[in-house]
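Please read the structure below before turning to the comments.
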Amino acid sequence: TDYITVEDAVHIYMPAAFSPNTDGENDFLKPLPQPLNGFKSIELKIYNRWGHIIFESANPATGWNGTKDNSGASGDNYDVGTYLYTLSALDNSGTVHNLSGAVTLVR
């Protein structure tokens, strides 16, 4: 798990793996904890192995569910594997925090 720490022990964590298999656990990749208190804005981007953005959101509560259009429609699933992410978060003091890493999609 990667994380950002800001003043007053505010943390953002990104899971190292998630399993979007509709079992109700770890079905979405999103920054934790929810809600993200102490931050004014956040931008999450997910990239495939060729560096193309396949998901992006400015809403910290909206996570990626491993599908191509994020609707969960069957047949639109991305393959099991490793994907890259970037996370940019603006805290309440106006400081921008950047985090990047890899996440494994498992089913």
Side-chain angles (χ1 to χ4, degrees):
T1 302
D2 293 322
Y3 63 92
I4 297 172
T5 302
V6 297
E7 293 179 22
D8 300 326
V10 176
H11 305 282
I12 296 179
Y13 297 93
M14 281 299 290
F18 76 116
S19 58
N21 56 10
T22 66
D23 68 353
E25 294 187 30
N26 302 312
D27 287 333
F28 292 89
L29 175 66
K30 58 186 169 184
L32 300 172
Q34 291 290 329
L36 287 177
N37 298 322
F39 292 90
K40 290 182 181 179
S41 66
I42 191 163
E43 183 176 23
L44 173 65
K45 293 181 181 181
I46 309 296
Y47 302 83
N48 65 15
R49 70 177 94 178
W50 298 281
H52 298 113
I53 296 172
I54 57 173
F55 174 81
E56 60 185 315
S57 176
N59 181 347
T62 301
W64 180 46
N65 69 359
T67 62
K68 294 179 181 171
D69 63 3
N70 221 43
S71 71
S74 62
D76 276 344
N77 293 335
Y78 274 102
D79 293 333
V80 169
T82 302
Y83 295 84
L84 303 176
Y85 68 85
T86 59
L87 178 71
S88 181
L90 176 66
D91 70 22
N92 288 335
S93 69
T95 303
V96 175
H97 304 271
N98 294 304
L99 182 66
S100 63
V103 61
T104 303
L105 185 157
V106 295
R107 296 215 185 262

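Looking at L84 and S100, their side chains never come closer than 4.5 Å, going by heavy atoms from C-beta outward. Looking at P20 and T67, their side chains never come closer than 4.5 Å, going by heavy atoms from C-beta outward. Counting heavy atoms from C-beta outward, H97 and L87 have side chains that stay 4.5 Å or more apart. N26 places none of its side-chain heavy atoms less than 4.5 Å from the side chain of P15.
To the nearest 0.5 Å, atoms CD1 (I12) and NZ (K30) are separated by 14.0 Å. The CD1 atom of I54 sits 5.5 Å away from atom CG of N48, with the distance rounded to the nearest 0.5 Å. Atom NZ of K45 is separated from atom CD1 of I53 by 4.5 Å, given to the nearest 0.5 angstrom. Here CG of D23 is found 11.5 Å from CZ of R107. Values are rounded to the nearest 0.5 Å. Interatomic distance, Y13 OH to L36 CG, rounded to the nearest 0.5 Å: 12.0 Å.
Nearest heavy atom pair, residue P31 against residue P60, reads CD-O, 4.0 Å. The two residues M14 and L44 come nearest to each other via the heavy atoms CE-CD1, 3.8 Å. Nearest heavy-atom pair, S19 versus D27, reported as atom, atom and distance to 0.1 Å: O-OD1, 3.0 Å. When every heavy atom of V80 is checked against every heavy atom of L105, the shortest pair comes out as CG1-O, 3.2 Å.
For the side chain to side chain donor-acceptor pair (under 3.5 Å) condition, the pairs that include at least one residue of residues 49-59, sequence neighbours left out, are N59-T62.
Applying the ring-ring contact (aromatic ring centres under 6.0 Å, His included) test between F18 and each of W64, Y85, Y78, F28 identifies W64 as the sole match.
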